[in-house]
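Here's the structure we're looking at; comments come further down.
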Amino acid sequence: MNFWLMKSEPDVFGIDDLKKNKTEPWDGVRNYQARNFMRDDMKKGDKILFYHSSCSPAGVAGLAEVSKESHPDHTCYDKKNKYYDPKSTKEAPRWFMVEVKFKKKFKNLVTLEEIKNTKKLETMGLVKKGNRLSIMPVSEKEFNTILKLAEA
DNA sequence: GCCAACGTTGGC
DNA sequence: GCCAACGTTGGC
């Protein structure tokens, strides 16, 4: 079992949207490192911290889990789609995605500020300088610490 | 809207 | 393979 943090902009797709849709294909990821995590390491049932970025306040908004493992991201084949990539073909797909399932919305957002102020969480990729990945691994300890903060 | 940090692209 | 130019991310 692995643990992950996935970023999303709530103006575009937030925890409430996931709650409403129940599941969501995580399409549009066009970063190789993030793609590799989805393609190679994310397994069904893995737990996900759903993070709201580019908003105020930014922070972990709830929990999700992987409901479908890696499969090609179809949005790169569609010329009209903003994620269209002519270098990715059906024969040799370049981009992959997983499907995520809603688990829980936190009563209280665990804000980025709180995370920064928590000693146990200073190892998180999220708060390391220069890390702008939209998907990143989280340790079980970090995951549980976030849960505690959410319940506090 | 600004801007620092970083990834990607493309000419050489 | 280098590196300048450009695009994107994301907190503030």
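Here is the naming used below: chain letters follow the sequence lines, and residue numbers restart at 1 for every chain. Side chains included, hydrogens not; waters and symmetry mates left out as well; all remaining heavy atoms used.
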Between C1' on B/dG7 and CZ on A/R94, what's the gap in Å once rounded to a whole number? 14 Å

Any side-chain heavy-atom pair from A/Q33 and A/M136 closer than 4.5 angstrom? no

Distance test, side-chain N/O of A/Y32 to OP1/OP2 of B/dC6, below 4.0 Å: no

Separation of C/dG10 P from A/N31 CG (nearest whole Å): 9 Å

Choosing from B/dT9, C/dG10, B/dG7, which nucleotide comes nearest the side chain of A/K87? B/dT9

Check A/I146 against A/V110 and note the closest heavy-atom contact, atom names and distance. O-CG2, 3.8 Å

Within the 4.0 Å heavy-atom criterion, would you say A/K116 contacts the bases, only the backbone, or no part of the nucleic acid? sugar-phosphate

Heavy atoms from C-beta onward define the side chain here; which of B/dT8, C/dG11, C/dT9 lies closest to that of A/R132? C/dT9

In whole Å, I'd like the distance from the CZ atom of A/R30 to the P atom of B/dT8. 13 Å

d(CD1, A/I135; C1', C/dT9) in whole Å: 14 Å

How many Å lie between NZ on A/K82 and P on C/dT8, as a whole number? 10 Å

Between A/K128 (NZ) and C/dG10 (C1'), how many Å, whole number? 18 Å

Taking the side chain as C-beta and beyond, is there a heavy-atom pair between A/D17 and A/K20 under 4.5 Å? yes

Expressed in angstrom and rounded to an integer, what is the separation of A/N131 atom CG from B/dA4 atom C1'? 15 Å

OP1 or OP2 of C/dT9 sitting under 4.0 Å from any side-chain N/O of A/K129? no

Spacing of A/H52 atom NE2 relative to C/dT9 atom P, expressed in whole Å: 17 Å

For the pair A/F50 and A/F13, name the ring-plane relationship: parallel under 30°, tilted 30 to 60°, perpendicular over 60°. tilted

Could you go step by step and tell me if A/T75 and A/R30 meet the side-chain hydrogen bond (donor to acceptor under 3.5 Å, both in side chains) rule? CA-CA 11 Å; A/T75 59; A/R30 294 294 178 268; 3.1 Å; yes

If you look at every strand shown and take non-hydrogen atoms under 4.0 Å, does A/L126 touch a base, only sugar-phosphate, or nothing? nothing

